[in-house]
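This report refers to the structure that appears directly beneath it.
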Amino acid sequence: DKDTFLRGAMSEVLSSAMLLLRSPTATVEDKNQMFLMIGKLASVLKENISSYVDRIVRAIDANLIAVAKKPKKDRCPEAVTCLAMLAKADPISVRPYVAPLLNPIFAGAPSVEFARNIASLCR
């Protein structure tokens with residue numbers, strides 16, 4: 001049935017995504033694309049993503065902090081976009097995670113995409 005498929009497929013997809021996001025050999029482009037893929041998946045799955053939000057947000061947080069520690073590096077816009085897409089898909093599950101992420105999110109320079117993402121998080 002649909003729910004069993006979603007649970008099984010999501011578990012496998014997110015396990016693979018988390019491996020890539022934690023990999024020291026993965027390129028920045030690979031990680032950026034993975035964040036966008038996770039966000040798009042969340043927008044399709046909506047409330048079915050709630051049981052995976054914690055793992056996804058931890059990966060977003062780790063990426064934002066790692067980028068912030070590098071001199072002259074901006075935040076990862078794709079990670080912020082992923083968080084905004086998660087918040088749009090399942091705002092109730094994401095809401096508790098937003099406040100702790102605000103500092104690394106606002107650490108970078110503003111952009112049009114950044115403003116859109118912040119607007120999505122505020123809705």
Side-chain angles (χ1 to χ4, degrees):
D1 74 358
K2 177 184 166 189
D3 291 334
T4 304
F5 172 76
L6 285 175
R7 281 193 302 272
M10 277 303 297
S11 182
E12 290 297 318
V13 167
L14 284 178
S15 292
S16 298
M18 295 306 128
L19 283 173
L20 182 123
L21 292 172
R22 290 188 195 119
S23 171
T25 59
T27 66
V28 172
E29 289 90 19
D30 289 341
K31 291 181 181 186
N32 293 347
Q33 290 303 311
M34 188 57 68
F35 278 121
L36 293 176
M37 186 276 307
I38 291 169
K40 288 176 184 175
L41 195 56
S43 67
V44 170
L45 297 176
K46 307 256 183 238
E47 66 278 349
N48 291 311
I49 199 79
S50 63
S51 58
Y52 303 100
V53 167
D54 184 61
R55 287 171 48 190
I56 297 168
V57 171
R58 278 188 275 142
I60 291 169
D61 184 40
N63 187 273
L64 289 173
I65 290 170
V67 170
K69 288 182 180 179
K70 295 177 182 172
K72 297 189 179 190
K73 287 286 184 180
D74 198 1
R75 77 184 93 62
C76 172
E78 292 82 3
V80 180
T81 299
C82 180
L83 183 63
M85 292 170 100
L86 282 172
K88 186 175 181 179
D90 191 0
I92 293 169
S93 295
V94 175
R95 190 170 294 134
Y97 297 97
V98 173
L101 292 174
L102 290 178
N103 192 34
I105 287 173
F106 281 101
S111 67
V112 173
E113 188 64 27
F114 173 72
R116 282 189 198 118
N117 291 332
I118 295 302
S120 290
L121 287 172
C122 294
R123 286 186 207 146

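No experiment lies behind these values; they were computed from the predicted model shown. Keep in mind that the numbers below use all heavy atoms, side chains included, and drop hydrogens, waters and symmetry copies.
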- Query: Would Leu14 and Leu41 satisfy side chain to side chain contact (heavy atoms under 4.5 Å, CB included), going step by step from the backbone distance to the final call?
  - Reply: CA-CA 10 Å; Leu14 284 178; Leu41 195 56; 5.5 Å; no
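In this structure, CD1 on Ile49 lies 8.0 Å from CD1 on Ile38, to the nearest 0.5 angstrom. Once rounded to the nearest 0.5 Å, the distance linking CE of Met18 with CD1 of Ile56 reads 5.5 Å. Annotation: the span from Glu78 atom CD to Met85 atom CE amounts to 11.5 Å, rounded to 0.5 Å. The distance from the CG atom of Leu83 to the CG atom of Asp61 is 10.0 Å, given to the nearest 0.5 Å. Residue Ile60 holds its CD1 atom at 9.5 Å from OG1 of Thr81, rounded to the nearest 0.5 Å. Distance CZ/Arg55 to OG/Ser15: 4.5 Å, rounded to 0.5 Å.
In this structure, the side chain of Ser16 engages the main chain of Glu12 through a donor-acceptor pair within 3.5 Å.
When the side-chain contact (heavy atoms from CB on, under 4.5 Å) test is applied to Ser93, the partners found at least two apart in sequence or on another chain are Ser50, Val53, Asp90. Arg58 meets the salt bridge (Lys or Arg N to Asp or Glu O under 4.0 Å) test with Asp54; sequence neighbours excluded. In this structure Asp30 satisfies the side chain to side chain donor-acceptor pair (under 3.5 Å) test together with Thr27, sequence neighbours excluded.
Between Met34 and Leu20 the shortest heavy-atom distance is CB-CD2, 3.7 Å. Between Ala59 and Phe35, the closest heavy-atom pair is O-CZ, 3.8 Å. Of all the heavy atoms in Leu86 and Ala42, the pair that sits closest is CD2-CB, 3.6 Å. A pairwise comparison of heavy atoms in Pro100 and Pro96 identifies CD-O, 3.8 Å as the closest pair.
Looking at heavy atoms from C-beta onward, Ile105 lies out of side-chain contact with Val98 at the 4.5 angstrom threshold. Residues Met37 and Val13 have side chains in contact (heavy-atom distance under 4.5 Å, counting atoms from C-beta outward).
Under the 4.5 Å side-chain heavy-atom criterion for grouping Ile, Leu, Val, Met, Phe, Trp and Tyr, Val28 is not connected to Leu19 through any hydrophobic cluster. In the hydrophobic cluster analysis, where Ile, Leu, Val, Met, Phe, Trp and Tyr join through side-chain heavy atoms closer than 4.5 angstrom, Ile118 is grouped together with Tyr97.
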